[in-house]
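The structure presented is a predicted model; accordingly, all values stated were derived computationally and were not measured.
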Amino acid sequence: LPLPPYELGLWLGDGSKADSRLTIGDRDYAEITKRLTVSWHALKRYPNKANVIWLEGWNPLLREQHLLENKHVPPMYLRASIKQRLALLRGLMDSDGTCNQDGTCEFSVISERLAEDARELLHTLGIKVSYRSNDAKLCGRFISKRFRLTFKTALPVFSLPRKARRQKPSCASSTVSEIRALGC
């Protein structure tokens with residue numbers, strides 16, 4: 001694959017649509033940067049406790065994949081190996097995912113296309129997904145539509161320990177044994 005799947009998932013969730021900048025909150029900065037397998041450098045730290053890093057050499061690759069100003073999951077990633085698809089999902093979930101008290105996982109974005117791509121990715125891993133949209137509001141003001149995917153799975157869909165701890169395994173599937181066999 002032209003871009004490492006985990007990092008692509010992070011960028012799709014928390015990256016700039018214009019270039020290879022990635023914004024990471026203080027809470028997850030150390031954990032995420034130690035997981036990166038690509039070259040990067042810190043750009044700045046914003047007062048709202050967000051850190052911006054630059055994924056080096058990514059702009060031409062993002063352009064080649066038609067991802068700049070057009071965030072989506074390229075089709076080749078939806079047909080990649082199970083290990084690569086799970087890494088992509090972990091990047092998406094580490095950036096824009098959460099896990100509720102009951103172990104239900106949620107992926108929430110304002111891009112309908114990215115939500116549809118994430119739903120297809122989850123389906124390729126044998127995960128049943130609920131999909132809905134509602135209004136995203138800030139201080140009671142409508143900002144945009146929000147698309148929410150919710151699911152339960154035994155697959156480890158988070159890399160960040162604070163999120164992974166909340167995930168409770170649910171019904172196992174044949175995919176789970178395949179993932180374990182790959183050492184994921």
(request) Take Asp28 and Arg162, measure what salt bridge (Lys or Arg N to Asp or Glu O under 4.0 Å) needs, and give me the verdict at the end. (result) CA-CA 9 Å; Asp28 298 326; Arg162 72 176 182 85; 2.7 Å; yes
(request) Step through the shown structure and confirm whether more than 12 heavy atoms of other residues, nucleotides or ligands are within 6.0 Å of CG on Leu43. (result) yes
(message) If you compare all heavy atoms of Arg166 against all heavy atoms of Asn100, which two are closest, and at what distance to 0.1 Å?
(response) NH2-C, 3.7 Å
(request) Would you name the heavy atoms of Cys105 and Cys99 that are closest together and state the gap between them? (result) SG-SG, 4.2 Å
(request) Mark yes or no for whether Ser20, through its side chain, and Leu55, through its backbone, hold a donor-acceptor pair below 3.5 Å. (result) yes
(message) Check whether Arg85 reaches the backbone of Pro5 with its side chain - one donor and one acceptor, N or O, closer than 3.5 Å.
(response) no
(request) Working to the nearest 0.5 Å, report the span between CD1 of Ile127 and OG1 of Thr153. (result) 4.0 Å
(message) I need the Ser130 OG to Glu106 CD distance, nearest 0.5 Å.
(response) 10.5 Å
(request) Identify whether the distance between the nearest side-chain nitrogen and carboxylate oxygen of Arg21 and Asp19 falls below 4.0 Å. (result) yes
(message) Are Glu31 and Ser159 packed together at the side-chain level, in the sense that at least one heavy-atom pair is separated by less than 4.5 angstrom?
(response) no
(request) For the pair Asp94 (side chain) and Leu160 (backbone), establish whether a donor and an acceptor sit closer than 3.5 Å, ignoring hydrogens and angles. (result) yes
(message) With rounding to the nearest 0.5 angstrom, report the CD to CG distance, Glu120 to Leu122.
(response) 10.5 Å
(message) Hydrogens and angles aside, do Tyr77 and Asp117 bring a side-chain donor and acceptor to less than 3.5 Å of each other?
(response) no
(request) Look at Arg119 together with Glu116 and state whether they make a salt bridge at an N to O cut-off of under 4.0 Å. (result) yes
(message) For Trp11, does the six-membered ring have the charged nitrogen or CZ of Lys71 within the cation-pi criterion, i.e. under 6.0 angstrom from the centroid and within 45° of the normal?
(response) yes
(request) Say whether, by atom type as modelled, one donor and one acceptor occur between the side chain of Gln84 and the main chain of Ser81 under 3.5 angstrom. (result) yes
(message) With a 3.5 Å distance limit and no angle check, can you tell me whether Asn70 reaches the backbone of His66 through a side-chain donor-acceptor pair?
(response) yes
(request) Could you tell me whether a side-chain N or O of Arg148 sits under 3.5 Å from a main-chain N or O of Asn134, the two making a donor and an acceptor? (result) no
(request) Would you check if the side chain of Lys128 reaches a backbone N or O of Phe151 as a donor-acceptor pair within less than 3.5 Å? (result) no
(request) Find the distance between CG (Leu78) and NE2 (His72) and round it off to the nearest 0.5 Å. (result) 9.5 Å
(request) Give a yes or no answer on whether the side chain of Glu7 reaches the backbone of Thr37 with a donor-acceptor pair at less than 3.5 Å. (result) yes
(message) Test side-chain contact (heavy atoms from CB on, under 4.5 Å) on Trp58 and Leu22; report intermediate values, then the result.
(response) CA-CA 11 Å; Trp58 271 49; Leu22 185 62; over 6 Å; no
(message) side-chain contact (heavy atoms from CB on, under 4.5 Å), that's the test. Do Gln167 and Val157 meet it? Break it down for me.
(response) CA-CA 8 Å; Gln167 186 183 0; Val157 298; 3.6 Å; yes
(message) Applying side-chain contact (heavy atoms from CB on, under 4.5 Å) to His123 and Val129, what does each step give before you reach the verdict?
(response) CA-CA 8 Å; His123 285 162; Val129 181; 4.1 Å; yes
(message) Checking the side chain of Asn51 only, and the main-chain atoms of Ile24 only, is there a donor and an acceptor separated by less than 3.5 Å?
(response) yes
(message) What I'd like to find out is whether the side chain of His41 reaches to under 4.5 Å of the side chain of Glu56, using heavy atoms alone.
(response) yes
(request) Can you label the angle between the Trp40 ring and the Tyr29 ring as parallel, tilted or perpendicular, going by 30° and 60°? (result) perpendicular
(message) Pair Met76, Leu1 - check side-chain contact (heavy atoms from CB on, under 4.5 Å), show working.
(response) CA-CA 8 Å; Met76 72 179 77; Leu1 296 172; 3.8 Å; yes
(request) Could you pull out the closest heavy-atom pair between Tyr131 and Ala115, with the gap in Å? (result) CE1-CB, 3.8 Å
(request) For residues Val38 and Pro4, report the shortest heavy-atom separation together with the two atoms involved. (result) CG1-CG, 3.4 Å
(request) Can you see which heavy atom on Asn59 is nearest to which on Trp54, and at what distance? (result) ND2-CZ2, 3.3 Å
(request) Kindly give the heavy-atom pair with the smallest separation between Ala50 and Thr23, and that separation in Å. (result) CB-CG2, 3.7 Å
(message) Working to the nearest 0.5 angstrom, can you tell me the gap between Leu3 CG and Leu67 CG?
(response) 7.0 Å
(message) Test your reading of the model: is there a side-chain donor-acceptor pair from Lys145 to the backbone of Ser133, 3.5 Å cut-off?
(response) no
(request) Measure the CG-CZ distance between Leu12 and Arg113 for me, rounded to the nearest 0.5 Å. (result) 10.5 Å
